[in-house]
Amino acid sequence: MQPSESLGEEKIHYITCPLCEATCGLEVHTAGREVVSIRGDVEDPFSKGYLCPKGYSLKELDADTDRLRQPMIRTGDKWREVTWDEAFAEIEKHLRNLIDTHGADAVGVYLGNPNVHTLAGQLYVPNFLRALGSKNRFSASTVDQMPKQVSAGLMFGTGFSIPIPDVDRTDYFLVIGANPMVSNGSLMTGPNMRDRLRQLRQRGGKLVVVDPVRTRTAKEADEHYFIRPGMDAFFLMALVHTLFEENLVSFGHLQPHLRGLEEIQVASADFAPEQVASLCGISAADIRKIAREISNAPTAAVYGRMGTCTQRFGTVNGWLIDVINILTGNLDNPGGVMFPKAAAGGRNTTGQPGHGRGLKLGRFKSRVRGLPEVLGELPVACMIEEMEEPGAGQIRAIVTIGGNPVLSTPNGNRLDAALSKLDFMVSVDCYLNETTRHAHVLLPVPSHLQRSHYDISFYQLAVRNIAHYSDPVFDLDAGQLAEWEIILRLTAAVSTQQLGEHPIGILDDFLMQQMIQQEITSESSPLSGRDSEEILRALGSQRGPRRMLDFLLRMGPYGDCFGGNPDGLSLDKLKMYPHGLDLGPLQPRIPEVLRTASGKIEVAPSELLKDVERMRGDLSCKTDSIVLVGRRDLRSNNSWMHNLSALMKGGARCELLIHPEDATLLGVANHSAALVVTETGKIEVGIEYTEDIMPGVVSLPHGWGHNQSHTKLQIANQHPGINVNRLTNVVETEAITGNAILNGVAVRIEALD
Ligand SMILES: Nc1nc2c(c(=O)[nH]1)N[C@H]1C(S)=C(S)[C@@H](COP(=O)(O)OP(=O)(O)OC[C@H]3O[C@@H](n4cnc5c(=O)[nH]c(N)nc54)[C@H](O)[C@@H]3O)O[C@H]1N2
Ligand SMILES: Nc1nc2c(c(=O)[nH]1)N[C@H]1C(S)=C(S)[C@@H](COP(=O)(O)OP(=O)(O)OC[C@H]3O[C@@H](n4cnc5c(=O)[nH]c(N)nc54)[C@H](O)[C@@H]3O)O[C@H]1N2
Ligand code: SF4
Ligand SMILES: [Mo]
């Protein structure tokens, strides 16, 4: 069958939804340039027909008249539509001038979440960063999963070697600080998490949730434990302690590959369940029971997400979760946590199997605060000061690509002010929103239905090995640039080389040749010593991300290796599976997956052991202030899908959830207004009583705070909500990664008359 079948005027397209990590297959019916309907693709081997309300909203997103279509230049508060050439001439003039006068660090970059969801972000943005050469690179990763990437990198050797719960085969699933029923799963790509969790229980498995909120996932579970926010490290260390103390440890086939077992046993000695129970709010008996159950279950998977990452001990949490999986023989074991083998672009499928360079942190530091680099970038928590603090290396211009940091990063109102004072700003985005309104040049990306798609990142994090390529549903409009072309023209604008009239083709060819060159000159590559011209010819006449993806697929672990494995995969072969190709359940990969310098699993990396000292210091301090946590909402996607009417129906979604006991003590009535106050800021919120939240904890979602002047978001601005990141601060960061602390933030709540 072909990817799209003609039904008279109507056409059917099978695509992967590019909106979240779940990678659902969609069946999109179109007539001409119109979307007729969108439904779940029942033949998709991974999602089997599932979709959520956001997937359906791609229709409205595509049609949204507020979505930007034309490049624009701003003077004062007046925007005018310009040609692409004018837009890039303006960018080149300003950025070149700033770089020549002040050096590359004067230009900062912020990459938002959608970059992980686009081929442009995956394949072209890294080279833009290289061409720019600024150390002031920031992204949404450091308000998100960076701690997990770093703990995985230290233990297994690359920042994408994250053990993924084998949710479809596990007998016991411990979910900590994650709400996959609402988020649709994160660092655990698997569509229709609701059914996957229900099936787990139907086959006699057990689901246990640890969360300060009785979330929708918690309500699906066999057991739910409230935990005091920020105290997961103590809970996890007590589990480790119990496993050793009660002789519940067994390593299975991992034994010869482990390094640092003694150190972790010693480190856990001070953290008996009885010692930490009052800190985390889970009784010692329950902690011991959970440890025994993980150990005794035929298979078990321990998994943590946002709630464990964006808090004081984020990296330690990421580490201890995998230590527990290791100590109970569940790492790299079916039904436990496993390493996907992605068809394209995986760092742990290239180079020498079983060995690598490992992860190095702090290769450079931020100018003002000296925060260390992580995975090639600086923590976004130090971005504002790099703009504000004068001196050599100060950020004077910024490029944002698919990001809305005013709403999504700490101290949003201070960032808002700092952006307004920059000499120059460029945004590559689809909306004129709270962040991009500060741009001087706005570069609109095409609709989400006008691009080819392949989830290079998420197939590295998926609960099955899957590959699905989708062609664009609609062609580009006349004169429109694809996002990868925009990024290449930005690259040309900051490049010192003269690239002439047609920089896109030249740079695209150059990048392709570079990728080929890297392989043929690498001794461990199966292409070692081959002729680059021959490889280039084999890639044919295609250009852009398709050609690069073809190369990555052919060089990947299932690839045809340009003749080396004639039956293997290529983009053309993958296209023969319009609903996606199922490469099967996850398989054990230790030791081949490892890329640590030692060739072992580093069970006790020194950076992490050091942070256990900080935990010891905290054992005795107890605070009883009210703390704030975040939450997600099924019909929302961080800050940016609020302009779609279908997703905005229903009541207010920004209420402060609070336990009635706390509310009564504080004198705040249900459905009244109150102030939430921190040292950083204060916001007015509506109060919503619920017994589903732990006393001492309140919850607010992020991504709200619309209705700012000079934005173009007709619908979102009617439902503004409030920016929770006016309360969070940039000062305290997670010790190892500099990740922002967004959960467990101490707040004061004051009643309003
Ligand atoms: N519908 C929807 N889906 C989304 C998104 C969205 O905005 N809307 N965003 C996407 C993105 S970018 C991401 S990163 C993922 C996130 O995916 P998840 O991590 O699954 O989603 P969250 O709702 O943030 O879940 C975090 C949970 O941690 C709890 N928590 C807070 N603090 C603590 C703590 O200290 N300890 C523990 N144990 N728990 C704590 C919170 O109560 C919350 O239930 O979701 C993705 N999917
Ligand atoms: N307090 C608090 N803050 C949080 C969180 C929290 O739980 N609590 N969660 C954090 C997390 S997990 C994340 S991932 C971040 C998200 O932080 P950001 O990535 O900064 O924010 P988004 O809301 O995802 O904004 C995405 C932007 O990209 C644009 N966009 C959409 N699609 C495309 C595209 O295809 N190409 C381009 N170029 N642009 C596009 C949208 O219009 C929007 O401006 O927020 C973080 N902030
Ligand atoms: S769950 Fe995610 S991938 Fe699936 S339809 Fe919804 S937004 Fe798209
Ligand atoms: Mo995220």
Side-chain angles (χ1 to χ4, degrees), residues 3-7 9-20 22-41 44 47 51-72 81 112-115 117-121 401-402 404 427-433 436 442-455 468-486 545 578 634-649 711-717:
S4 55
E5 307 165 74
S6 285
L7 286 179
E9 265 288 87
E10 196 166 305
K11 271 186 165 179
I12 303 177
H13 312 255
Y14 301 106
I15 64 164
T16 309
C17 175
L19 294 172
C20 92
T23 73
C24 300
L26 304 180
E27 182 182 314
V28 183
H29 291 239
T30 59
R33 183 57 186 81
E34 298 283 302
V35 176
V36 178
S37 69
I38 297 182
R39 56 180 80 136
D41 176 6
D44 182 295
S47 62
L51 90 169
C52 83
K54 278 179 296 187
Y56 183 75
S57 293
L58 279 167
K59 173 177 155 77
E60 195 181 342
L61 178 61
D62 179 64
D64 186 355
T65 50
D66 281 347
R67 200 169 52 72
L68 304 171
R69 273 131 172 118
Q70 191 68 35
M72 301 200 292
E81 293 190 346
N113 171 277
N115 285 285
H117 297 270
T118 65
L119 283 171
I401 306 177
N404 193 1
S427 291
V428 182
D429 208 285
C430 34
Y431 283 108
L432 182 51
N433 63 19
T436 60
L442 240 170
L443 303 173
V445 299
S447 152
H448 294 73
L449 298 178
Q450 287 176 305
R451 53 182 74 170
S452 47
H453 188 73
Y454 180 92
D455 279 299
H468 189 191
Y469 168 79
S470 13
D471 268 322
V473 171
F474 297 123
D475 292 336
L476 292 178
D477 304 327
Q480 198 176 22
L481 289 188
E483 185 158 2
W484 65 273
E485 296 177 301
I486 296 173
L634 197 56
R635 285 173 299 132
S636 179
N637 199 6
N638 298 323
S639 74
W640 74 273
M641 291 185 74
H642 299 157
N643 207 49
L644 307 176
S645 61
L647 297 178
M648 297 308 294
K649 289 185 190 128
T711 55
K712 188 162 178 262
L713 293 165
Q714 278 186 64
I715 296 173
N717 287 345

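Positions are given from 1 along the sequence.
The side-chain heavy atoms of His642 and Leu713, taken from C-beta on, include no pair separated by under 4.5 Å. His29 places a side-chain heavy atom less than 4.5 Å from the side chain of Arg39. With a 4.5 Å cut-off on side-chain heavy atoms, Val28 and Phe474 do not count as touching. You'll find the side chain of Leu449 reaches within 4.5 Å of the side chain of Ile15, heavy atoms only. At a threshold of 4.5 Å between non-hydrogen side-chain atoms, the residues Ile12 and Glu27 count as touching. Side-chain atoms of Tyr14 and Asp44, non-hydrogen and from C-beta on, never get closer than 4.5 Å to each other. In this structure the side chain of Thr23 never reaches within 4.5 angstrom of the side chain of Ser47, judged on heavy atoms. Using a 4.5 Å heavy-atom threshold, the side chains of Arg451 and Pro545 count as separate.
A donor-acceptor pair under 3.5 Å is formed between the side chain of His468 and the backbone N or O of Pro578. Asp66 places a side-chain N or O within 3.5 Å of a backbone atom of Gln714 that can act as its donor or acceptor partner. The backbone N or O of Cys20 sits nowhere less than 3.5 Å from a side-chain atom of Asn637 that would complete a donor-acceptor pair. Side chain of Glu485 to main chain of Ala482: a donor-acceptor pair is present (N/O by atom type, distance under 3.5 Å, no hydrogens or angles).
Residues Tyr431 and Asp64 bring a donor and an acceptor atom of their side chains to less than 3.5 Å of each other. Side-chain atoms of Thr711 and Asn717 form a donor-acceptor pair, as typed in the model, at a separation below 3.5 Å. With no hydrogens or angles considered, a side-chain donor-acceptor pair links Ser639 and Asn404 at under 3.5 Å.
Put simply, the residue from Gln480, Arg69, Arg67 that forms a side-chain contact (heavy atoms from CB on, under 4.5 Å) with Pro446 is Gln480.
Rounding to the nearest 0.5 Å places CG of Leu51 at 6.5 Å from SG of Cys24. The distance from the CG atom of Asp62 to the NE2 atom of His448 is 10.0 Å, given to the nearest 0.5 Å. A distance of 13.0 Å separates CH2 in Trp484 from OG1 in Thr118, rounded to the nearest 0.5 Å. Between the CD atom of Glu483 and the SG atom of Cys430 there is a distance of 8.5 Å, given to the nearest 0.5 Å. Taking CD1 from Ile38 and CG from Leu26, the interatomic distance works out to 6.5 Å, rounded to the nearest 0.5 Å. Here Met72 contributes atom CE and Thr436 contributes atom OG1; the two are 8.0 Å apart, rounded to the nearest 0.5 Å.
Pairing each heavy atom of Leu19 with each of His117, the nearest pair is O-CE1, 3.9 Å. Taking both residues in full, the closest heavy atoms of Ile715 and Glu60 are given as CD1-OE2, 4.4 Å, listed atom of the first, atom of the second, then distance. Across every non-hydrogen atom of Leu634 and Lys54, the tightest pair is O-CE, 3.5 Å. Residues Leu58 and Pro18 share a closest heavy-atom pair of CD1-CD, 4.0 Å. Considering every non-hydrogen atom in both Tyr469 and Ser452, the closest pair reads OH-CB, 3.2 Å. A pairwise comparison of heavy atoms in Lys59 and Val35 identifies NZ-O, 2.8 Å as the closest pair.
Within 6.0 Å of atom CG in Asp475, 12 or fewer heavy atoms from other residues, nucleotides or ligands are found, so the atom counts as exposed in its surroundings.
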Handout entry: Test log, rule side-chain contact (heavy atoms from CB on, under 4.5 Å), inputs Leu61 and Trp640
Key = CA-CA 11 Å; Leu61 178 61; Trp640 74 273; 4.0 Å; yes

